[in-house]
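The sequence lines fix the lettering, A, B, ..., with proteins before strands; numbering per chain opens at 1.
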Number of protein chains: 2
Amino acid sequence: MNVAEQPTPAGGHLSSVEAAVLSLRERRRRDTEIEVSSAALDLFEKNGVAATTIADIARAAGISDRTFFRYYSSKEETVLDFQQWFRTPTREWLTTGITDGPVLEQLEAVCVGVLRQLDGPNRDAANRLRRIRALMKTEPSLRAVSAMLDDERAYSLADQIVESFHGRVSLTEARLTAEIVGVGLRTACQMWSARLDNGDDATLEGTYQAVRSTIHSLTAPSAL
Amino acid sequence: MNVAEQPTPAGGHLSSVEAAVLSLRERRRRDTEIEVSSAALDLFEKNGVAATTIADIARAAGISDRTFFRYYSSKEETVLDFQQWFRTPTREWLTTGITDGPVLEQLEAVCVGVLRQLDGPNRDAANRLRRIRALMKTEPSLRAVSAMLDDERAYSLADQIVESFHGRVSLTEARLTAEIVGVGLRTACQMWSARLDNGDDATLEGTYQAVRSTIHSLTAPSAL
DNA sequence: GTCAAAGTGGCATAGTGTGCCATGACGGCG
DNA sequence: CGCCGTCATGGCACACTATGCCACTTTGAC
């Protein structure tokens with residue numbers, strides 16, 4: 001697992017395992033993705049999301065409008081693809097790492113692993129995440145597309161869980177598990193970003209743990 | 001509260017208190033909304049969402065394209081406005097009905113009240129909800145817009161909670177509360193719709209209670 | 001009846017999203 | 001090296017989405 005040529009690429013994409021053997025084409029695609037994503041983020045910060053057109057982004061990234069849509073299906077997605085960070089670890093868990101403990105805890109452990117990466121070795125990824133979260137505070141269209149993507153991800157994650165757990169988990173449980181983790185992650189990111197803006201130094205992992213325990217205390221204690 | 005002229009309008013909109021004194025303008029607007037919403041639902045069921053253009057809907061509803069955008073900002077929203085059913089009861093709770101019990105439970109009680117309406121006196125609203133849920137199973141764009149609206153609603157609901165509870169609830173708790181209830185409602189609607197498709201007869205309220213207890217058991221029991 | 005406010009439709013225009021096709025680069029193979 | 005299937009790109013065309021502007025009508029208050 002010797003990652004030499006890309007000591008974490010500019011965009012802040014997680015350069016975990018997959019950097020192993022990329023063909024030239026794949027590497028160029030990766031480069032273009034980073035170029036587009038990073039150009040878009042700059043433009044969004046400078047002019048706002050609404051005032052930035054796809055043509056602007058494409059020009060700044062050195063590609064044609066037509067090609068833009070072969071990479072992303074909307075301008076908002078260009079900066080929201082950080083959600084992919086969870087995809088590979090999740091797939092690995094589902095294919096080889098399942099234990100017989102509670103599903104929710106296992107999934108949370110996977111996420112904590114990713115967050116720990118962001119707190120530690122993957123600072124530029126975390127910085128990019130922070131810039132995006134800052135934008136999301138003032139850009140409803142980013143929140144909208146983010147909600148869309150989150151939902152789609154939770155939807156398909158639930159299906160994968162049901163399949164991988166082979167009947168031990170109902171679809172309802174899987175859906176709720178996926179959604180609860182999603183809510184937690186989203187909220188943790190918001191809080192983390194807010195705390196950093198206040199001058200405090202918070203970690204993503206720590207913030208997520210706090211959120212987790214808040215969820216716990218909200219749902220559990222009310223005797224009923 | 002004598003509702004004479006509209007014994008629950010075609011579209012299935014909740015005709016609760018607000019039907020009291022509507023000016024002519026307001027009533028015509030309501031009528032147009034129902035006309036559009038109902039025409040859109042028919043077209044979506046017949047031709048699919050993607051194949052239905054805004055021009056189609058507008059023509060079917062007897063308005064111009066330009067006017068369409070003064071009612072809804074996308075074709076998907078025309079059928080997803082049922083989320084508004086929760087708005088009035090929620091506002092009433094926040095302005096006059098707050099107790100000092102746990103926030104989550106209070107909000108859940110509000111939602112259960114709405115669901116009970118749908119199970120009982122407001123059958124046509126429930127039927128409309130079911131048609132929409134059926135569409136959502138096969139129409140990703142509807143799910144996408146729905147996720148967008150849900151998120152926006154949760155976002156603003158959290159702000160309102162913080163304000164109304166005047167410091168007794170943190171923003172984080174409010175956000176999580178709003179999101180958890182949202183997740184529960186969404187999941188309950190899905191399950192309810194799925195059960196009806198299976199021939200079982202489920203109530204929205206009962207399904208929601210089941211979801212609620214599943215959330216409870218997912219988050220609480222893992223000792224830790 | 002008069003008038004301000006609001007709703008409506010038509011027009012123009014910017015931006016979004018996709019199919020189609022020609023061109024050129026990649027990568028395997030003889 | 002040179003051939004060729006595969007893939008990525010850019011340009012073009014086209015349909016749809018979305019909004020601003022303006023003229024016209026309706027509503028509702030005086």
Item to check | Salt-bridge present (B:E33, B:R30; N to O < 4.0 Å) | outcome: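 Yes, B:E33 and B:R30 are salt-bridged.
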Checklist entry - What pairs with B:E77 under salt bridge (charged side-chain N to carboxylate O under 4.0 Å, His left out), at least two apart in sequence or on another chain? => result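 B:E77: no salt bridge (charged side-chain N to carboxylate O under 4.0 Å, His left out) contacts found.
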Checklist outcome for this item: A:E205 meets the salt bridge (charged side-chain N to carboxylate O under 4.0 Å, His left out) criterion, sequence neighbours left out, with A:R116
Item to check | A:D56: side chain to side chain contact (heavy atoms under 4.5 Å, CB included) partners, not counting sequence neighbours | outcome: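 For A:D56, the residues satisfying side chain to side chain contact (heavy atoms under 4.5 Å, CB included) (neighbours in sequence not counted) are A:L43, A:T52, A:T53, A:R59.
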In whole Å, what is the span from the [atom1] atom of [X] to the [atom2] atom of [N]?
X	N	atom1	atom2	answer
A:R27	D:dC7	CZ	P	19 Å
A:R59	D:dG10	CZ	C1'	15 Å
A:D31	D:dA8	CG	C1'	14 Å
A:Y72	D:dA8	OH	P	15 Å
A:I63	D:dG10	CD1	P	7 Å
A:R29	D:dT9	CZ	C1'	12 Å

Contacts under 3.5 Å, N or O only, protein and nucleotides 24-26 of chain D:
none

Item to check | Partners meeting ring pair (Phe, Tyr, Trp, His ring centres under 6.0 Å) with B:F82 (sequence neighbours left out) | outcome: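 Checked B:F82 against ring pair (Phe, Tyr, Trp, His ring centres under 6.0 Å); matches are B:W85.
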Could I get the full list of side-chain hydrogen bond (donor to acceptor under 3.5 Å, both in side chains) partners for [X], not counting sequence neighbours?
X	value
B:E139	none
B:T203	none
B:E45	B:R131
B:E35	none

Checklist entry - So, is B:T67 close to the C:dT8 phosphate, meaning a side-chain N or O under 4.0 Å from OP1 or OP2? => result no
Item to check | A:Y71 side chain near D:dT9 phosphate (N/O to OP1/OP2, under 4.0 Å) | outcome: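 The answer is yes; a side-chain N or O of A:Y71 sits under 4.0 Å from OP1 or OP2.
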Item to check | Divergence of helical axes at both termini of the helix from C:dG1-D:dC30 to C:dG30-D:dC1 - five pairs an end, 10° steps | outcome: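 Roughly 10° between the end axes, to the nearest 10°.
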Check residues 178-195 of chain B and write down every donor-acceptor pair under 3.5 Å in which the side-chain atom is one partner and the other belongs to a residue at least two apart or another chain.
unit_1, atom_1, unit_2, atom_2, d
B:E179, OE1, A:R186, NH1, 3.3
B:E179, OE2, A:R186, NH1, 3.4
B:R186, NE, B:D150, OD2, 2.9
B:R186, NH1, A:E179, OE1, 3.3
B:R186, NH1, A:E179, OE2, 3.4
B:T187, OG1, B:V183, O, 2.7
B:Q190, OE1, A:R175, NH1, 2.5
B:W192, NE1, B:A202, O, 3.2
B:S193, OG, B:K137, NZ, 3.1

What nitrogen or oxygen pairs link the protein and nucleotides 16-18 of chain C at under 3.5 Å?
unit_1, atom_1, unit_2, atom_2, d
C:dT16, OP1, A:K75, NZ, 3.3
C:dT16, OP2, A:I54, N, 3.2
C:dG17, OP2, A:S73, O, 3.4

Checklist entry - Is there a side-chain contact between A:P140 and B:E152, using heavy atoms and a 4.5 Å cut-off? => result no
